[in-house]
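A quick write-up on the structure given underneath.
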Amino acid sequence: MRKRLLSQKIEKALNAQMTREADAAQFYLSVGSWAEVQGFEGIATFLYGHVQEERGHMMKLLKFINQRGGHGKVEPLAKAPADPKTLKELFEWVLTHEMENSRQINAIVDMCLREKDYPTFNFLQWFVAEQLEEEALATKLLDKMSVIGEDKGNKGGLYEFDQDIAGMHDAEQSRGADPS
Ligand code: OFO
């Protein structure tokens, strides 16, 4: 049995965050599958890449909890959302999802500061930086969608967007997005 170096409260919050990361993986899997069925291979590749990333985040949390003498608990996952109606809606969901995840992470960071748990505070800085990037990327994609104007039937623009986004996934992979 490892020595407990986490308070019960922080362990509970980290466990809840671990489940949120697993839920995020399910979310990206669900919308990725929808995009693939619609014929957007590049967008699907990008979203499937995020499934792996979110699972990496989940594992990073699990390992940290266990290392600090807690117990990373696997909880049931939330139901995946209904299918989006449009690509724009899909990317709106991505941004909302990432913003909510940032809010939850920031709340745990705040809790760590109040409890003077500096090692966990330090560990979570990686997640703070990651969320900053995720929000910026989701905003950029949403902006592109608005410029293309999916609703105006701009098929050529959508084709190019689909090609570009697959490249973004490759670039993220070569940057070494997986943290675990
Ligand atoms: Fe876990 O990176 Fe965003 O949500």
Side-chain angles (χ1 to χ4, degrees), residues 6 10-36 42-68 70 72-84 87-112 117 119-145 164-180:
L6 284 175
I10 290 184
E11 180 182 355
K12 194 169 165 215
L14 291 175
N15 262 312
Q17 186 56 35
M18 191 186 116
T19 305
R20 275 192 288 275
E21 301 291 347
D23 282 339
Q26 291 293 94
F27 164 71
Y28 280 111
L29 185 63
S30 167
V31 290
S33 179
W34 177 83
E36 188 168 34
I43 294 172
T45 301
F46 174 82
L47 295 167
Y48 290 153
H50 273 263
V51 175
Q52 302 309 331
E53 278 196 33
E54 299 298 353
R55 286 189 66 81
H57 302 169
M58 176 198 73
M59 283 305 297
K60 195 175 172 79
L61 281 153
L62 180 141
K63 286 185 178 174
F64 181 80
I65 297 166
N66 290 349
Q67 226 175 41
R68 301 288 291 166
K73 291 278 182 88
V74 176
E75 300 287 351
L77 301 183
K79 195 171 177 305
D83 291 336
L87 281 175
K88 184 157 183 279
E89 184 172 51
L90 187 161
F91 287 107
E92 275 164 359
W93 287 358
V94 168
L95 180 59
T96 305
H97 193 92
E98 293 300 343
M99 284 169 66
E100 175 57 19
N101 205 22
S102 302
R103 193 183 70 77
Q104 300 281 0
I105 288 166
N106 293 343
I108 310 174
V109 169
D110 195 46
M111 188 186 292
C112 291
D117 179 347
T120 307
F121 172 86
N122 188 50
F123 165 75
L124 288 172
Q125 294 314 300
W126 184 91
F127 284 85
V128 172
E130 174 70 9
Q131 285 307 120
L132 192 69
E133 274 187 26
E134 297 279 11
E135 285 179 10
L137 180 58
T139 304
K140 187 168 141 190
L141 294 175
L142 200 50
D143 285 351
K144 280 196 178 201
M145 281 307 305
D164 280 4
I165 200 170
M168 279 186 201
H169 167 74
D170 294 343
E172 280 198 330
Q173 290 306 103
S174 58
R175 254 196 311 115
D178 181 16
S180 54

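None of these values were measured; they are calculated from a predicted model. Along the sequence shown, residues carry numbers from 1. Each ligand, and each atom within it, is numbered from 1 in the order the structure gives.
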**Message:** Looking at non-hydrogen atoms alone, which of Glu54, Arg55, Arg20 comes nearest to atom 1 (Fe) of ligand 1?
**Reply:** Glu54
**Asked** Side chains of Phe91 and Ile43: closer than 4.5 Å at any heavy-atom pair?
**Response** yes
**Message:** For Phe127 and Ser102: C-alpha separation, side-chain torsions, deciding distance, then whether side chain to side chain contact (heavy atoms under 4.5 Å, CB included) applies.
**Reply:** CA-CA 8 Å; Phe127 284 85; Ser102 302; over 6 Å; no
**Message:** Looking at atom 3 (Fe) of ligand 1, is there an N, O or S atom belonging to Glu134 that lies under 2.8 Å away from it?
**Reply:** no
**Asked** Which N, O or S atom name in Glu21 marks its closest approach to atom 1 (Fe) of ligand 1?
**Response** OE1
**Item:** Glu130 near atom 1 (Fe) of ligand 1 via N/O/S, less than 2.8 Å
**Value:** no
**Asked** Mind checking whether atom 3 (Fe) of ligand 1 has an N, O or S of Asn101 under 2.8 Å?
**Response** no
**Prompt:** Considering all heavy atoms of both residues, which atom of Ala13 and which atom of Arg20 are nearest to each other, and what is their separation?
**Reply:** O-NH2, 4.3 Å
**Fill in**
Heavy-atom closest pair (Ala166 atom, Gly42 atom, distance to 0.1 Å) is CB-CA, 3.7 Å
**Asked** Between CD of Gln125 and CD1 of Ile105, what distance do you get to the nearest 0.5 Å?
**Response** 10.5 Å
**Message:** Give me the atom names and distance for the closest heavy-atom approach of Ile10 to Met111.
**Reply:** CG1-SD, 4.0 Å
**Item:** Sub-3.5 Å N/O-N/O distance, Glu98 and ligand 1
**Value:** yes
**Message:** For the 3.5 Å polar cut-off, considering only N or O atoms, please tell me whether His97 and ligand 1 meet it.
**Reply:** no
**Complete:** atom 1 (Fe) of ligand 1 -> His57, closest N, O or S atom is ND1
